[in-house]
Amino acid sequence: MNICLSSPAKFSPLRPSSRVLVPSSPKQPSPSLSLQPPSNPQPLNSRLITAHLDAGRLREAISALDSMAWSGSYPDLVTYALLLKSCIRCREFHLGRHVRRRLEESGIEPDSVVLNSLISLHSKSNDWEEAEEVFWSMGSDKRDLVSWSAMISCYATNNKEMEAIALFLDMLQEGFSPNEYCYTAVIRACSTAKTARIGDAIFGFLMKDGYFDSDACVGCALIDMFVKGRGDLRSSLKVFNKMSERNVVAWTQIITRCTELGHPEEAVNLFVDMLLEGCIPDKFTISAVVSACSDLGLLPLGLQLHSWAMRSGLHSDVCVGCCLVDMYRKCGACGSLSDSRKVFDQMPSHNVMSWTAVITGYAQCDGSKEAVELFLEMIRGPIRPNHFTFASVLKACASSINVETGVQVYAHTVKLGLSTDNCVGNSLVSMFARSGRTEDARKAFESLFDRNMVSYNTILDAYSKNLNSEEAFSLFHEIESMGMGPDAYTFASLLSGAASVGAISKGELIHGRIVKSGLHFNECVCNALISMYSKCGNVEAAFRVFDRMGDKKNVISWTSMIMGFAKHGFSERALETFREMIELGMRPNEITSVAVLSACSHGGLASKGRMYFESMQKDHGITPRMEHYACMVDLLGRSGSLVEAFEFISSMPFEANELVWRTFLGACRIHGNVELGKKAAGMILQKDPSDPAAYILLANLYASSGRWEDMAEIRKKMKLKNLTKEAGCSWIEVKDTIFKFHVGDSSHPQAREIFNELDRLNTKIKKLGYVPNTDFFLHDVEEEQKEQYLFQHSEKLAVAFGLISTPRPKPIRVFKNLRVCGDCHSAIKYISMATDREIVVRDANRFHHFKDGKCSCNDYW
DNA sequence: GTAGGGTTAG
């Protein structure tokens, strides 16, 4: 997309249209009235107050009011009205209430203007009961159209939608005919799902009255009504297109709503239309379009907007600055927050939002240290953090190292009276959940002041991630029984829980509930289904969900499907899907690239992999991250080009991390290159001296080249450092229950049958040509003993159990936490032939489909 | 004197 924002002179705020950017009242030289002794106290004092207000000195004006009261004199009603208006504008509500007390003391009978201002004052400070009292205390002689409008608006903005609508009807009964202010207020009250039908009726009313295309505010309210109450962007656009007076606010509003509802491209198109129509964007518009760019990852347009904002001076606005901070974070390479930080540092002034934006940036890009540091800097200054700020800081603390800091941050929310906020409470639950402290998460959840769907989903997700499906399901039933959900997030969490253990029948059960709830067209739910089916070994079922999504597929759907095919070894199909995605004009992201590279890697397609690595930068503008380099190392290393892989690591633009070196070490192990392997292990241990994976891989490498002494040395070191490797285990789901096996495990009630089956299988497959490969056995013991141990590996036990407990045509799906052992891989190939069963094994790395003596990985994993 | 546009927890 190339949008030319022509020279800023054309849009320069130096020649603003009459409708935009009303300059704030120019500062008048301060009048010297205060030095004059009051000769005629009352009018002069009133004038003094007015002079202070004109000069923007609200507090001085209030002091003048106070000194008048002490001397027993009071200003006139016009002055009271002006004072109240200033208090409202400056959001100094307590001062407004002070003015009200002075007025009551004076005994002067307030007129409608003053009373209406009081309604507005209480409305804006969320005190709807006070506003109500003022409203009903007015006699019908004083209660005019403005009073009704103000009161309806008060209800609408204080979550009393039904009261607002009822009052609107009362007003009609009293014989008032509504003006644009009333309509705007009542439409706002109709912007909830609950009041949507009344909104429709009022919409019909408006069409007749003709207000809706003559007044921009009414149009804007309608746009919001359709978007907020029902997510109906189409009707909003219809209203917008019919509006005859489309000012900058209306344009900005529709642009904003498009982005909010997930159509940032439409937002950008509308922005172009707006420019073509000659409407001049202001700081709000620029912010909205910058946000759309962030969502689209459209850095080029973002840069143009930034430069335009600089030239027009709008960049000094806090709001524009905030959105730019956000844009650079979302569009830049991940982990590189320098541009975002630069914008923040250069902003002339800050408010809560700009602080929160920059802290959020770090919180979401693994910069917890910087996020916390910035927060500490913030609280030393004059700006108070709000609940958004705390939500982000708590998110930054969501790791086991930082969780104690998080607890202290939370203590701060108690001090500021923000701890009862639902958003803050949920963030606390989430922080504990992400740090793996499920018990604390539960406690925080139990002590929440009010629980909404986010609260429930957060704690449910924590249990799902911890593979505690019992608790997850019990929460699910609780949500159901309360009648408030479940929603798409609930199902997505349940599905990801089922996916991680490979519980396909649980997954299918959830799928049934999703269909019943009508959420089976939801993108997020569909994506979770694709992921669940493919992680449970049924890639065809995943494809069916994917296919049925039609044009609702987003980049996550495509990426999940590509990743699914890749993990199952269908490299060509993965790449075909990727090509289809590009042809349809879908933009791949970083994760899509990981999926594509891993498809090449699993399929041994080295030259294609190199080609895609080039293309992701050149054609799709994706800067390679650590994961992409790791994929390439995997691809080159596994295909045997160890030296090339090593050189590739040296040529990386940043230092390789443990992941890259571990991948390289894995390749060295496959190709038995002890020297390069030692180098890799050294690099890993330099970065993390207690990484058990490095020791294990190195030990395996020594073992497979028969260097038992070196291997023993490694074992000794591990023992000395008290390092243990994760115990290998395999599991299988039979009739809704997960059965788990360790090596030589005899704890299963049917252990005897399982071992008998294994013996039978052993004899059968040996006749077919199976030769145990004891290289995969680490200990230096007699060959026969090795063979015996080998045949009790957890994956073989699970397969044997699957064979005796499930009927014939059904494929057997086994899961393993580590990578499948080489001997098991070979044995299972023979087992699939001997028993004529399809066996699917998911290991830590990928899927293996065994059928008729062959594996889908072509022995390449 | 009454109305409108931007960040956030899953």
Side-chain angles (χ1 to χ4, degrees), chain A residues 77-78 80-82 84-85 88 110-121 123 144-154 156-157 179-188 215-224 247-257 259-260 282-291 294 317-323 325-326 351-361 363 386-392 394-395 398 421-431 433-434 452-462 487-490 492-493 524:
Chain A
L77 282 174
V78 179
Y80 278 111
L82 286 172
L84 288 170
K85 190 182 160 192
I88 296 168
D111 60 1
S112 343
V113 174
V114 169
L115 289 167
N116 291 341
S117 298
L118 284 176
I119 296 176
S120 173
L121 169 76
S123 165
D144 59 11
L145 192 56
V146 176
S147 328
W148 286 96
S149 304
M151 196 58 221
I152 295 168
S153 161
C154 171
T157 50
N179 64 5
E180 62 272 31
Y181 288 95
C182 300
Y183 278 129
T184 314
V186 76
I187 294 166
R188 255 185 107 149
D215 186 84
C217 278
V218 175
C220 287
L222 283 171
I223 290 172
D224 262 5
N247 59 14
V248 62
V249 179
W251 278 104
T252 307
Q253 176 141 343
I254 194 78
I255 289 171
T256 310
R257 298 295 169 248
T259 311
E260 259 175 22
D282 65 6
K283 56 183 185 176
F284 290 106
T285 327
I286 295 301
S287 309
V289 188
V290 169
S291 298
S294 311
D317 177 73
V318 200
C319 169
V320 173
C322 280
C323 295
V325 167
D326 211 43
N351 63 5
V352 207
M353 275 191 208
S354 60
W355 277 104
T356 307
V358 72
I359 290 173
T360 307
N386 66 11
H387 56 293
F388 291 127
T389 325
F390 281 110
S392 282
L394 289 173
K395 184 177 185 146
D421 181 272
N422 182 254
C423 181
V424 172
N426 288 344
S427 303
L428 187 74
V429 177
S430 169
M431 178 189 81
R434 283 169 192 237
N452 59 5
M453 275 311 289
V454 176
S455 330
Y456 273 98
N457 288 335
T458 308
I459 188 76
L460 188 145
D461 193 57
D487 66 8
Y489 282 103
T490 321
S493 288
C524 163

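Below, chains carry the letters A, B, ... as their sequence lines are ordered, and counting in each starts from 1.
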Describe the nucleic acid contact of A:Ser427 in one word from base, sugar-phosphate, nothing, applying a heavy-atom distance below 4.0 Å. sugar-phosphate
Taking any heavy-atom pair under 4.0 Å as a contact, classify A:Asp326: base, sugar-phosphate, or nothing.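 The answer is nothing, as A:Asp326 stays clear of every strand by at least 4.0 Å.
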Using a cut-off of strictly less than 4.0 Å, decide whether [X] has a side-chain nitrogen or oxygen near OP1 or OP2 of [N].
| X | N | value |
| --- | --- | --- |
| A:Ser120 | B:dT2 | yes |
| A:Arg257 | B:dG6 | yes |
| A:Arg188 | B:dG4 | yes |
| A:Ser291 | B:dG6 | no |

How would you list, by chain and number, every residue that makes a ring-ring contact (aromatic ring centres under 6.0 Å, His included) with A:Tyr80, sequence neighbours excluded? none
Can you name the residues that form a ring-ring contact (aromatic ring centres under 6.0 Å, His included) with A:Phe390, not counting sequence neighbours? A:Phe375
Are A:Tyr181 and B:dT2 stacked, counting the six-membered base ring, centres under 5.5 Å, planes under 30°? yes
A:Arg188 bridged to A:Asp224 by N-O distance under 4.0 Å: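 Looking at A:Arg188 and A:Asp224, the cut-off is not met.
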Minimum-distance nucleotide (side-chain atoms of A:Thr252 versus B:dG5, B:dA9, B:dT2): B:dG5
Of the listed nucleotides (B:dA9, B:dG5, B:dT2), which one gets closest to any side-chain atom of A:Asn452? B:dA9
